[in-house]
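See structure below.
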Amino acid sequence: MHIFLSTPIGTARITGDKSGVTAISVLDEPLPDLPLVRNLPDPLQAAYDQLTAYFNGERQSFDFVINPIGTEFQRRVWDALREVPYGQTMSYLALSRQLGDEKAIRAVAAANGRNPLWVVVPCHRIIGTNGNLTGYAGGLWRKQWLLEHEGSRRNPTEGQLSLF
């Protein structure tokens, strides 16, 4: 099942069922004209409500049931991404080191790029070691918007963001 949410940076498509949310993606198209759905599965209703609160500046984390489809390695990377605090970033290299193998930086970056849960698994918080915004499937302008929305500021020498 798909539901849609209008956000300041595009239309979010939320996909899932009673077992959890499997995907959240951002679309450039406007919110589709669809009939109102009643009795949504709990995870989809919770995702809709929590994402609405996030974009309204009222929420910093998510606790609805997720059920992303990926390899064991991808799931490890996605779990690590969820540990990057709101308003902060981490470099791809630091994330690779946290996962136990800095030489796996390309595999970590690839898993980051295949993240199926936009915003909820915060791949937008991963930046280059030099502090540059790199690689974001939704477009770098969205990555910048999300980081600014979270009140972050890049520190180019560390590749980290800190709170204002």
Side-chain angles (χ1 to χ4, degrees), residues 1-90 92 94-96 98-100 107-127 133 135-152 161 163-164:
M1 169 179 270
H2 302 291
I3 60 172
F4 296 87
L5 170 66
S6 182
T7 79
I9 54 176
T11 300
R13 178 176 56 204
I14 306 166
T15 305
D17 57 27
K18 65 181 180 181
S19 298
V21 174
T22 56
I24 301 171
S25 56
V26 63
L27 310 172
D28 290 321
E29 299 83 32
L31 191 67
D33 188 22
L34 298 171
L36 183 63
V37 177
R38 303 217 187 275
N39 299 322
L40 286 173
D42 289 342
L44 269 71
Q45 184 65 59
Y48 184 92
D49 294 343
Q50 290 180 29
L51 282 165
T52 298
Y54 170 85
F55 283 105
N56 286 336
E58 301 164 352
R59 188 173 191 92
Q60 296 182 357
S61 63
F62 305 95
D63 59 9
F64 55 86
V65 178
I66 62 172
N67 190 17
I69 298 168
T71 67
E72 183 179 330
F73 179 77
Q74 288 171 331
R75 286 174 175 258
R76 278 186 54 227
V77 171
W78 301 336
D79 286 344
L81 289 170
R82 293 188 80 195
E83 299 301 317
V84 180
Y86 181 94
Q88 297 183 26
T89 64
M90 176 181 281
Y92 289 96
L95 181 59
S96 298
Q98 180 180 318
L99 290 165
V108 167
N112 192 59
R114 293 189 186 273
N115 168 23
L117 293 164
W118 180 64
V119 177
V120 173
V121 174
C123 60
H124 61 277
R125 296 180 189 152
I126 306 304
I127 62 174
L133 301 185
Y136 192 66
L140 291 179
W141 72 271
R142 283 189 177 107
K143 185 172 190 165
Q144 180 71 38
W145 189 97
L146 290 166
L147 293 174
E148 288 174 2
H149 176 70
E150 294 182 0
S152 301
L161 287 180
L163 297 175
F164 284 116

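Computed over heavy atoms, backbone and side chain alike; hydrogens, waters and symmetry mates excluded. Note that the numbering runs from 1 along the sequence shown for the chain.
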Does a salt bridge link Asp49 with Arg59, judged by any charged N lying under 4.0 Å from a carboxylate O?
-> no

Is the shortest heavy-atom distance from the side chain of [X] to the side chain of [Y] under 4.5 Å?
X	Y	answer
Ile9	Phe55	yes
Asp17	Met1	no
Leu51	Trp118	no
Phe62	Val119	yes
Ser61	Tyr86	no

Report the C-alpha separation of Leu81 and Arg125 in whole Å, then their side-chain angles, then the decisive distance to 0.1 Å, and conclude whether the side chain to side chain contact (heavy atoms under 4.5 Å, CB included) test is met.
-> CA-CA 8 Å; Leu81 289 170; Arg125 296 180 189 152; over 6 Å; no

Does any N or O in the side chain of [X] come within less than 3.5 Å of the main-chain N or O of [Y], such that one atom is a donor and the other an acceptor?
X	Y	result
Gln45	Asp42	no
Ser6	Thr11	no
Arg75	Thr71	no
Asn112	Val108	no
Thr22	Thr15	yes

Plane angle bin for Trp145 and His149 - parallel if under 30°, tilted between 30 and 60°, otherwise perpendicular =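 Answer is parallel, since the angle falls under 30°.
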
Decide whether Glu150 and His124 meet the rule of one side-chain donor and one side-chain acceptor closer than 3.5 Å.
->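 Side chains of Glu150 and His124: pair found under 3.5 Å.
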
More than 12 foreign heavy atoms under 6.0 Å from CZ of Arg114: is that the case here?
-> no

Closest non-hydrogen atom pair between Pro122 and Arg82, with its separation |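 Closest approach of Pro122 to Arg82, heavy atoms only: CD-CA, 3.9 Å.
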
Over all atoms of both residues, closest heavy-atom pair of Trp78 and Ala111 | NE1-O, 2.9 Å

Walk me through it: do Met90 and Glu83 pass the test side chain to side chain contact (heavy atoms under 4.5 Å, CB included)?
-> CA-CA 10 Å; Met90 176 181 281; Glu83 299 301 317; over 6 Å; no

Residue from Leu99, Asn115, Ile126, Val121 passing side-chain contact (heavy atoms from CB on, under 4.5 Å) with Val77 = Leu99

Scan Asp63, Ile24, Val21 and name whichever one has a side-chain contact (heavy atoms from CB on, under 4.5 Å) with Val120.
-> Ile24

